[in-house]
Enquirer: 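After the structure tokens below, expect a handful of questions from me.
As the structure is a computational prediction, the values presented were derived from the model and not from experiment. We name chains A, B, ... by the order of the sequence lines, and we start the count at 1 in each one.
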Amino acid sequence: MTTAATSSPPSPAATPSLISGRGTGRSGDRIFSVLTRGSGALVVVLVVLTGAFLLWKSVPSLLDDDVNFITSRVWQPAANPPAFGIAALLYTTVLSSVLALLMAVPVSVGVALFLTQCAPRRLATPLGYLVDLLAAVPSIIYGLWGAFVLGPVIAGTDSGPRRAIEDALGWIPLFSSTSVARGNVFLASVVLAIMILPIVTAISREVFLQVPRANIEAALALGATRWETIRVSVLPFGKPGVITASMLGLGRALGETIAVTIILSQPSSLEDFNFSVFYGGETFASKIANNASEFSTPQKTGAYIAAGLVLFVVTFLVNALARVFISRRGDV
Amino acid sequence: MAKRIDVSGLDAFYGHFKAVEDVSLTVEPRSVTAFIGPSGCGKSTLLRTFNRMHEVIPGARVSGKVMLDDENLYDDGVDPVAVRRTVGMVFQRPNPFPTMSIYDNVAAGLRLNGVKNKKVLDEVVERSLKRANLWGEVHDRLGKPGSSLSGGQQQRLCIARAVAVEPQVLLMDEPCSALDPISTLAIEDLIQDLKDRYTIIIVTHNMQQAARVSDRTAFFTIAGAGKPGRLVEIGDTAEMFSRPAEKATEDYITGRFG
């Protein structure tokens with residue numbers, strides 16, 4: 001066979017059709033290529049423009065800022081000269097989001113493990129839809145529900161869960177007792193946790209579904225119980241994916257606006273600061289939303305936009321971190 | 001350490017599909033028994049009923065008896081987890097735990113049994129790797145991931161993992177089908193060493209392999225697509241390959257069918 005093939009090269013008549021191609025049939029390809037490249041470029045342009053807008057609008061106010069923008073808790077953007085710092089906002093934003101993540105991830109992983117490893121198919125499919133449905137509930141609904149239904153139950157000054165935590169851990173500044181009823185960071189975190197639960201669950205479920213059958217059977221054949229199989233085969237395989245899911249959930253929690261705005265009660269002034277989760281406060285997003293009606297002068301507006309810029313950078317970093325984990329997962 | 005397996009009237013199903021029908025056979029301890037037959041004849045399915053791995057597939061079930069010495073694996077109250085700790089298994093494709101080191105892979109079964117003593121673990125890991133003829137190649141890099149080994153080494157790692165828990169029986173489901181000839185030879189040599197201690201059953205598509213490694217051979221076939229697999233005959237390997245009792249066996253091993 002080999003000698004026959006080498007001794008008879010392809011006939012010259014056949015080659016031109018390979019080179020010229022179908023000249024007329026390629027306009028579809030061109031349109032497709034322009035559309036896809038355009039869409040891709042648009043994404044980059046949008047991100048860059050958003051960042052540029054935030055910088056452009058905030059830099060003049062930042063240059064006039066009378067206090068340290070990062071370390072100060074003062075917020076008097078209307079004063080002359082303006083004085084505004086994000087320390088308190090950053091603290092409340094990160095604290096509420098991280099607490100939400102700590103509460104949501106174990107539950108999400110549990111739900112995802114149940115859906116993929118334990119539940120019979122007939123139950124797993126509708127339950128999966130239900131979890132996805134949770135993600136579709138508008139955040140204002142969560143906010144209302146949190147403020148008026150969940151709040152009195154878990155976060156009021158004489159509510160059981162809050163009292164229990166205050167009694168047990170009150171000696172730590174993070175959990176010290178305060179007089180703020182309901183509208184505290186603790187309640188905001190619980191509601192945020194419920195809000196990010198669906199996305200963390202959905203991604204974890206996808207990852208756990210990808211665990212190779214061979215890995216699971218390897219554990220089972222060694223005499224592993226269901227839980228041991230999960231511990232030995234499923235969790236190690238899914239770990240990078242769960243971390244990625246957590247980062248994406250954290251990104252959502254950091255930027256969540258309306259539910260947090262409804263729930264958190266604002267301290268009378270930002271100088272009035274308390275580390276406790278049972279204290280009120282404002283996040284970047286809720287601060288901006290609460291004051292949206294007061295963007296009267298470029299100087300004031302610039303201060304709020306500067307706060308938005310920090311939120312933009314923080315969420316950007318969290319998402320970048322998630323990407324790093326996703327790309328690591330590709331190596332496994 | 002080795003136990004006899006006595007199968008009687010065994011049917012295996014996937015949902016409504018009957019994959020194996022009415023198999024009765026005996027597997028002798030401290031010997032190698034090969035299961036041969038065309039694709040789809042149910043030999044792997046049958047093998048997986050011996051450590052109750054068949055039922056981990058949704059909808060799969062078994063009826064009939066599998067006696068391990070004097071215990072029926074399918075009696076009420078028998079714990080499949082306990083069965084699998086007694087009857088070890090090696091799969092078609094090497095499947096070391098990808099995130100674990102070589103050491104941890106071998107120690108995995110013991111750790112599941114609650115062994116934490118470092119000295120005991122060290123001893124068992126070394127002994128198991130030696131039994132799997134892998135110690136010499138990996139003893140200076142036990143901390144490396146199991147997935148860093150070659151395919152043949154990974155399969156011997158899986159054998160070491162299986163023998164580390166001192167099973168009574170070792171089931172091998174086409175253990176060489178993903179390996180090159182040199183690795184295959186290493187595994188076949190290993191099987192000869194291991195049969196002094198364990199009851200070994202090996203499913204293979206390779207008839208030369210069955211002839212080389214096994215003491216007894218069981219031949220399975222199917223009447224056609226969608227029909228259940230059946231045992232045609234079981235006997236001494238030398239006998240089966242020289243004077244098979246059944247025409248179907250002769251046709252298969254001489255290459256006229258399958």
Side-chain angles (χ1 to χ4, degrees), chain A residues 109 112-128 204-246 324-332, chain B residues 44 47-48 50-59 79-101 104-114 145-147 154-155 157-173 178:
Chain A
V109 170
L113 284 175
F114 176 73
L115 291 177
T116 57
Q117 310 296 320
C118 306
R121 216 191 175 82
R122 245 177 306 155
L123 192 63
T125 313
L127 260 178
S204 303
R205 185 183 54 186
E206 290 307 310
V207 180
F208 293 150
L209 279 176
Q210 285 170 17
V211 179
R213 189 80 217 151
N215 289 9
I216 292 177
E217 292 204 337
L220 285 174
L222 271 185
T225 61
R226 178 174 280 171
W227 158 240
E228 287 165 343
T229 305
I230 288 171
R231 191 164 52 86
V232 170
S233 291
V234 180
L235 285 180
F237 183 89
K239 201 168 103 190
V242 172
I243 293 173
T244 305
S246 308
V324 170
F325 279 110
I326 291 175
S327 61
R328 280 233 195 106
R329 207 181 108 207
D331 300 341
V332 173
Chain B
S44 289
L47 190 78
R48 292 168 62 97
F50 294 172
N51 63 343
R52 296 195 58 170
M53 281 294 285
H54 175 64
E55 67 207 46
V56 305
I57 295 160
D79 181 5
V81 167
V83 171
R84 293 175 203 140
R85 289 184 185 189
T86 314
V87 183
M89 187 162 206
V90 176
F91 294 84
Q92 205 167 346
R93 295 199 156 270
N95 58 351
F97 296 117
T99 53
M100 286 189 195
S101 67
D104 290 340
N105 260 287
V106 182
L110 286 173
R111 289 203 171 119
L112 288 176
N113 283 318
S147 48
Q154 285 188 24
Q155 193 62 300
L157 178 62
C158 291
I159 293 173
R161 180 177 68 187
V163 300
V165 290
E166 296 288 346
Q168 315 277 347
V169 179
L170 200 54
L171 307 176
M172 304 179 125
D173 188 359

Enquirer: So, for A:Asn215 and B:Phe97, which heavy atoms are closest and what is the spacing to 0.1 Å?
Expert: O-CE2, 3.8 Å
Enquirer: Who passes salt bridge (Lys or Arg N to Asp or Glu O under 4.0 Å) against B:Arg111, sequence neighbours left out?
Expert: B:Asp104
Enquirer: To the nearest 0.5 angstrom, please state how far the CD atom of A:Glu217 sits from the CZ atom of B:Arg93.
Expert: 14.0 Å
Enquirer: Please output the residues of residues 112-127 of chain A in contact with chain B, using a heavy-atom cutoff of under 4.5 Å, in numerical order.
Expert: none
Enquirer: Please tabulate, for side-chain N and O atoms in residues 81-88 of chain B, each donor-acceptor pair with protein atoms closer than 3.5 Å (sequence neighbours left out).
Expert:
from	atom 1	to	atom 2	distance (Å)
B:Arg84	NE	B:Asn51	O	3.3
B:Arg84	NE	B:Arg52	O	3.4
B:Arg84	NH2	B:Arg52	O	2.7
B:Arg85	NE	A:Gly223	O	2.7
B:Arg85	NH1	B:Asn113	OD1	2.6
B:Arg85	NH2	A:Gly223	O	2.6
B:Arg85	NH2	A:Glu228	OE1	3.2
B:Thr86	OG1	B:Ala82	O	2.9

Enquirer: Please report the shortest heavy-atom distance between A:Leu222 and B:Gly109, naming the atom on each side.
Expert: CD1-N, 3.8 Å
Enquirer: Report the residues that fulfil side-chain hydrogen bond (donor to acceptor under 3.5 Å, both in side chains) with B:Asp173, sequence neighbours left out, ordered by chain and then residue number.
Expert: B:Ser44
Enquirer: Give the minimum heavy-atom separation between A:Ala214 and B:Asn95, together with the two atoms involved.
Expert: O-ND2, 3.0 Å
Enquirer: Walk me through it: do B:Met100 and A:Val232 pass the test side chain to side chain contact (heavy atoms under 4.5 Å, CB included)?
Expert: CA-CA 9 Å; B:Met100 286 189 195; A:Val232 170; 3.4 Å; yes
Enquirer: Checking A:Arg231 against chain B: side chain, backbone, both or neither under 4.5 Å from a heavy atom?
Expert: side chain
